[in-house]
Every structure is written in C-alpha cells, then in structure tokens.
Amino acid sequence: MAATRRGIGEQQRHTARWMLAPSLVLMFLVSAVPIGYAIWLSLNAYSVRQADLSVFVGLTHYLNALVSPEWWEAFRQTFFFAVVSVGLEVVLGVLLALLLDRAFRGRALLRSTVLLPYAVLTVVSAITWQTMFEPNFGLVTGVLNALGLPGGDLVWLGEPGYAMAVIIAADVWKTTPFVALLVLAGLQVIPRDTYEAAALDGASRWQAFRRVTLPLLRPAIAVATLFRLLDALRVFDLPFVLTRGANGTETMSMLAYQELREGRLIGQGSALSILTFLTVMAVSLLYIRYAGGNIRDVAEEK
C-alpha cells in the first residue's frame, strides 16, 4: 500500500513538472534572456558612428559607475525616496484599512472611492501633481496664497528638497490604497472571536490592536512593504515626468536611462541598469532574510 502511494505521488509530481514546464520556459524567455543580453551589453563598448563595432571591456563600465559621484548620488536619492514614501504608505495604509474594516453606512462606496488613485496611470497622476504645484495657477500654490501661508510663490519642482517632497507626496497619494487593500485583506481573515476573547480579558481597544490586530497583520504588512519597496527602488516615471531628474530627484533608473538613451552610451547604461537590478534584488533578499520572517513563515506553512 505504501509503495502504491509513493508511486502515485511520484506520478503526480512528474505530471506537475510537465504542466509547469511551459510557464517556466516562458518566464525564462521574458526575463532571463533580456537580463542576460543586458549583461552582455554592459561588458562591451559600442560605437555610435559605425554599426556593429564593439569592443569587449569586461567590468570597466561597472568600475566606472562605482567610482562615479553621479551613481552614488542617484543611489542615495533613490533610497531616500523609497524609505520615506514606503514608510508613509505603510502607516497610512494600515490606518486606512482599519477605517475601511469598520461597519458603517456607505462603506462599499468609500472602499471603491479610496481605490481610485491606484487605478490612475502613474503618468497621468504625475501630470496632475505637476499642474497642482505650478507657481502661477496651481491648486496648491493658489490655496497657500489665499491663506497667506508660505510657499505660494515657491517653484516647488525647481528647488532641491521641495521637488523630492512633491514626488514623495504624489507616490504616497497613488499607492497608499494598494497597501490598504493588502492590509484590509489581512484584517478580513482575523477571527472576530479573538477580539471577543480579548474584551472578556479586559483589554482596551488600544491593547487589542497592539496585542491582537498588529501581530496577526504582520504577514500582510510584510508583503505590502516588500512589494512597495521593490517598486520604489526602481522608480522612474514620477521623477521623469515631474522634474526630469533635476533638483536632487535623479534615481538609479533615471541615471541608467539618461546614459543609455540620451547619452547613447549603451554599455555604460546597461551596466547601470544591471547595478539597479542587483541593488533591488539584494534589498529584497535582505528584507526577506532579516525583516520578512512572517513571509517565510507563511511560505513554510503552505
């Protein structure tokens, strides 16, 4: 009987491997092949004057990038953007999810309305925020002028620090609903009798949140933070539309784009793209290893 069960299990695993094979091949074609080609491009220097002329230079482009002040400045600005924006999104997303989890009239309508910013294209969102902060007729600057507050005559996107603040605000406005949606899904699976037991033990609402809700929400928060962190570290569209990377807003992806497309330095731009990819991958592995214990626990349970 045991041998029969082992035979059936082996047959099922064999069938599963064959069923997964087409998806694995497709994933290889759409991800591994382009990455491998980008690595090859980064190891060569190409001529923009003569077609098909290239010289193998090895790791020269990577070494040039790692000793370049522009790369480390873009590295610093990218991480600053990612840490601040993702931190705000997680805090606001949890608060928003707690609000949407409460039972009240019009909750379904509010949930749909809250998710609207995430449905807006990032480019459209960036153009909207750019218009809002126009120094002469923007909504934000107009309100500040009307209230007599400072900043009404400030060129927000033309000043270092202020430009990054606008980009962070635009990102928080757009992607906080995504975090709230994931956290809300985590809230929906928490058994209600857990709160009843906490109330019988005399726990206040704050104690119930801190001792019951927050620990049970950690897997959802960990997943939401990981997704948003990886997305923020490769941000391109918001700074590209709002500032073109000027005034202290150039990210790693923007620097690679400028070298590759505008500077026509194919090898150097490819090296910067690979460095960006390696940075994002390293951050994801470190996060899962040291801060994403709940992600590993959920995976092991599966």
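Given the structure is predicted, the values throughout are model-derived calculations rather than measurements. Position 1 is the first residue of the sequence; numbering continues from there.
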Problem - Polar side-chain atom of Glu259 near backbone of Leu265 as donor-acceptor pair, under 3.5 Å - result: no
Exercise for the section: Cation-pi check, Arg289 to Tyr287: give yes when NZ or CZ is under 6.0 Å from the six-membered ring centre and within 45° of the ring axis, no otherwise. Expected result: no
Practice task
Determine, stepwise, if the pair Leu116 / Val120 fulfils side-chain contact (heavy atoms from CB on, under 4.5 Å).
Solution key: CA-CA 7 Å; Leu116 285 178; Val120 178; 5.7 Å; no
Practice task
Give a yes or no answer on whether the side chain of Ser270 reaches the backbone of Ile266 with a donor-acceptor pair at less than 3.5 Å.
Solution key: yes
Handout entry: Heavy-atom check, side chain of Asn64 versus side chain of Gln268, under 4.5 Å
Key = yes
Fill in the blank from the handout: Applying side-chain hydrogen bond (donor to acceptor under 3.5 Å, both in side chains) to Thr243 and not counting sequence neighbours gives Thr249
Problem - Trp40, CH2: over 12 other non-hydrogen atoms inside 6.0 angstrom - result: no
Practice task
Would you kindly say whether Glu89 and Thr175 are connected by a side-chain donor-acceptor distance under 3.5 Å?
Solution key: yes
Exercise for the section: Check the surroundings of atom OH in Tyr162: do more than 12 heavy atoms from other residues, nucleotides or ligands lie under 6.0 Å from it? Expected result: no
Handout entry: Donor-acceptor pair, side chain of Ser85 and main chain of Ile168, under 3.5 angstrom
Key = no
Practice task
Hey, can you tell me if Trp71 and Phe75 have their rings parallel, tilted or perpendicular (30° and 60° cut-offs)?
Solution key: tilted
Handout entry: Validation row, ring centre Tyr257 to ring centre Phe240 under 6.0 Å
Key = yes
Practice task
Quick one: closest heavy-atom pair of Val179 and Gly93, and the distance?
Solution key: CG1-CA, 4.1 Å
Handout entry: Chi angles and distances behind the side-chain contact (heavy atoms from CB on, under 4.5 Å) call for Glu250, Arg244
Key = CA-CA 8 Å; Glu250 188 175 52; Arg244 290 296 193 275; over 6 Å; no
Exercise for the section: Please go through Leu115's hydrophobic cluster and name the other residues, only I, L, V, M, F, W, Y counting, with side-chain heavy atoms under 4.5 Å joining them. Expected result: Leu181
Practice task
Measure the acute angle between the ring planes of Phe178 and Tyr118, then classify it against the limits of 30° and 60° as parallel, tilted or perpendicular.
Solution key: parallel
Handout entry: Considering all heavy atoms, the nearest Leu187-Ala97 contact
Key = CD1-O, 3.5 Å
Completion exercise
Sorted by chain and residue number, the salt bridge (charged side-chain N to carboxylate O under 4.0 Å, His left out) partners of Asp237 (sequence neighbours excluded) come out as none
Exercise for the section: Say whether Gln188 and Asp101, considering side chains only, have a donor N or O and an acceptor N or O under 3.5 Å apart. Expected result: yes
Fill in the blank from the handout: Across all chains, not counting sequence neighbours, the side chain to side chain contact (heavy atoms under 4.5 Å, CB included) partners of Leu285 are Met281
Practice task
Would you mind reporting whether Glu134 and Val155 have side-chain heavy atoms less than 4.5 Å apart?
Solution key: no
Problem - For Tyr37, ring-ring contact (aromatic ring centres under 6.0 Å, His included) partners two or more places apart - result: none
Exercise for the section: Test side-chain contact (heavy atoms from CB on, under 4.5 Å) on Ser253 and Val235 and set out the steps. Expected result: CA-CA 7 Å; Ser253 297; Val235 62; over 6 Å; no
Practice task
Check ring-ring contact (aromatic ring centres under 6.0 Å, His included) between Tyr62 and all other residues, then give those that pass, not counting sequence neighbours.
Solution key: none
Practice task
Report the distance from atom CD1 of Ile39 to atom CG of Leu43, rounding to the nearest 0.5 Å.
Solution key: 7.5 Å
Exercise for the section: Could you check if a side-chain atom of Thr122 sits within less than 4.5 angstrom of a side-chain atom of Lys174, using non-hydrogen atoms only? Expected result: yes
